[in-house]
Amino acid sequence: MHDIRAIRENPAAFDAGLARRGLPGMSAELLAADAARRANILAAETAQAAQNVASKEAGSAKSAGNAAEFERLRGLVGEKKAEIALLNDAASVEDARLRDMLMRIPNLPMAEVPVGADETGNVEVRRWGTPRLMDFAPREHFEIAGVKPGMDFATAAKLSGARFVVLKGAVARLQRALAQMMLDVHTSEHGLTETWAPVLVKDDAMEGTDKLPKFAEDSYQTTNGWWLIPTSEVTLTYSVAGDILDAGALPIRMTAHSQCFRSEAGSAGKDTSGMLRQHQFEKVEMVSITTPETSLAEHDRMTRCAEAILERLGLPYRTIVLCTGDMGFGATKTHDLEVWLPGQNTYREISSVSVCGDFQARRMNARFKVPGGKPEFVHTLNGSGLAVGRCLIAVVENGQQADGSVDLPAALYPYLGGKTRISAAGALE
RNA sequence: GGAGAGGUGGCAGAGUGGUCGAAUGCGGCGGUCUCGAAAACCGUUGUCGGUUUGCGCCGACCCAGGGUUCGAAUCCCUGUCUCUCCGCCA
């Protein structure tokens, strides 16, 4: 959420930031709402002050036994009360209107983010690994002979419908191995704290991490009002909501492996085959809470943490910086990691690492303080480290052999009981 | 699911209708003392919003939201969270 005071002080800069995102200026409208809101507050508080005075006087009159004066003041208070009720209603309407407007405006990009309208404006920053030469036509993950027995879309459809999958045997084991490996690397080598949190959360948590109000249709809600998290960014980030953290405790670095749920509204027809885009998937998420001074360096660090997983698995990837038009709602800068998928003959997103500045912190009132100083909003960052399902796809597509078997990365052997490949018949061996 | 108890400032803990943003203790900060420190003593110490050039002034906040009352931390209702006991349960 944006700071209305900052907008008040420099509306032109705010509109310029929106323009870089390809959005029209909104400061005039915001400032009008802000002025209306403040006028209402002033009127309501003035009336309130008058009522408080009259109440006090009424008390004195009563204890002095002056019944007539008491009755007069009682009447006055009654009038004020009615007046205040109206003014307060108006004030809270204006306040809610302004807040809702602010909540729906995306974060502004950092100065260094390239300007662009859509994904064609993204800029590649580095590339790692070389796609393996295959002397056969590479297959997509769901077409590989060794994978097919363990990836059952028919049963998933029976259970849940489209965009779900049932994994079995070697493939299920492989997904578990990947998640375990990621958590182990992040905790023991990258210094993140392993965390396990609910996947059902309240409105506040979704709002604080900017999934609401604007993107309600992208997530699922239970009949009693809980939301199923679209990513554990929600739980990890919101864990510091309302806190005033000791500056010495920062950065806080967390990681979690969780189920994620997305309605994929608006994705109809996209990636309909295979398990690239599912309503329920597994992800290992990374979240950092930092000071404003360190957040940009932390962004690069977090990007490296995600890249390290791909490198360990020997998966070719490229890292891009998203342009202003392609960034997510809460981000000020985003790196996407795209992994090589031979079956699609292209790079596909497997991780997105964003620095959100104080955008989420302001929404959820998460602050830090140096001893003796004033509380200040923290900066928040989040990134996939990695999307486990997509990583599974990348591993089998890149490791596929002409005969339909799959060679697995050595980094996973310890997590697979020493097994090294999936046979063309689908057996781990 | 049933029964009961409770949510007050950084912490502990008073306050059960008015002058209470809230006693007291601890902690924090500043000072006196000291070569320095400790102890002791003195002072000070919440957040948010509005308004003002500024001093300041005003408003809100004792879990949240409603209500009663001239007036609510205090009374009533609802919600929520915590604790205890019972039941159920992976």
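Labels below follow one simple rule: chain letters A, B, ... track the order of the sequence lines, proteins then strands, and each chain is numbered from 1. This structure is a prediction, so every number in the text was calculated from the model and none was measured.
The gap from the P atom of B/U34 to that of B/A38 amounts to 15 Å, rounded to the nearest Å. The gap from the P atom of B/G2 to that of B/G9 amounts to 30 Å, rounded to the nearest Å. A gap of 12 Å separates the C1' atoms of B/C76 and B/U69, to the nearest Å. For the C1' atoms, the distance from B/U74 to B/G21 is 15 Å, rounded to whole Å. Straight-line distance between the P atoms of B/G18 and B/C75: roughly 12 Å, to the nearest whole Å. B/A22 and B/C57 have their P atoms separated by 14 Å, with the value rounded to a whole Å. With P as the reference atom, B/U32 and B/A12 are 33 Å apart, rounded to whole Å. Spacing of P atoms, B/G6 relative to B/G13, comes out at 14 Å, to the nearest Å.
Across every strand in view, B/C83 sits in a pair with B/G4 that passes the Watson-Crick or G-U test at under 3.5 angstrom. Nucleotide B/G17: unpaired (no Watson-Crick or G-U wobble partner with both distances less than 3.5 Å). Judged by Watson-Crick or G-U wobble contacts below 3.5 Å, the nucleotide B/G65 has B/C77 as its partner. Figure legend. B/G49 is base-paired to B/C58; pairs are counted as Watson-Crick or G-U wobble with both atom distances under 3.5 Å. With a cut-off of 3.5 Å on both pairing distances, the Watson-Crick or G-U wobble partner of B/U24 is B/A12. The base-pairing partner of B/C29, taking Watson-Crick or G-U wobble contacts with both distances under 3.5 Å, is B/G43.
For residues 389-399 of chain A, the pairs satisfying side-chain hydrogen bond (donor to acceptor under 3.5 Å, both in side chains) are A/H141-A/E397, with sequence neighbours left out.
Heavy-atom distances to RNA chain B give each of A/A54 and A/K202 a nearest nucleotide, and the one nearer the 5′ end belongs to A/A54.
In this structure, A/L73 atom CG and B/G71 atom P are separated by 12 Å, rounded to whole Å. In this structure, the CG atom of A/D203 is 16 Å from the C1' atom of B/G65, given to the nearest Å. In this entry the distance linking CG of A/D204 with C1' of B/G79 reads 14 Å, nearest Å. We find that CD of A/Q51 is positioned 11 Å from C1' of B/U69, with the value rounded to whole Å. Summarising the geometry, the separation between NZ on A/K56 and P on B/A72 is reported as 12 Å, rounded to the nearest angstrom.
Contact check for A/E45 versus A/L87: no side-chain heavy atoms found under the 4.5 Å cut-off. The closest side-chain heavy-atom distance from A/K214 to A/M103 is not below 4.5 Å.
Looking at A/R20, its side chain does come within 3.5 Å of a backbone N or O of A/V113 through a donor-acceptor pair.
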What side-chain donor-acceptor pairs closer than 3.5 Å can you find for residues 50-58 of chain A, not counting sequence neighbours?
unit_1 : atom_1 : unit_2 : atom_2 : d
A/N52  : OD1    : A/Q48  : NE2    : 3.1
A/S55  : OG     : A/Q51  : O      : 3.2

Using residues 241-248 of chain A as the side-chain source, report each donor-acceptor pair under 3.5 Å to any protein atom, sequence neighbours left out, with the distance given to one decimal.
unit_1 : atom_1 : unit_2 : atom_2 : d
A/D246 : OD1    : A/G248 : N      : 3.4

Contact string for nucleotides 46-60 of chain B, one letter per nucleotide 5' to 3', B = base within protein heavy-atom range under 4.0 Å, S = sugar-phosphate only, - = neither, reads --SBSS------BBS

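Between A/K81 and B/G71 there is a side-chain polar atom (N or O) within less than 4.0 angstrom of OP1 or OP2.
The side-chain contact (heavy atoms from CB on, under 4.5 Å) search around A/R38 returns A/R8, A/D34, not counting sequence neighbours. In this structure, the side-chain contact (heavy atoms from CB on, under 4.5 Å) partners of A/L174, at least two apart in sequence or on a different chain, are A/L178, A/L392, A/V395, A/V396, A/L408, A/L412, A/I422.
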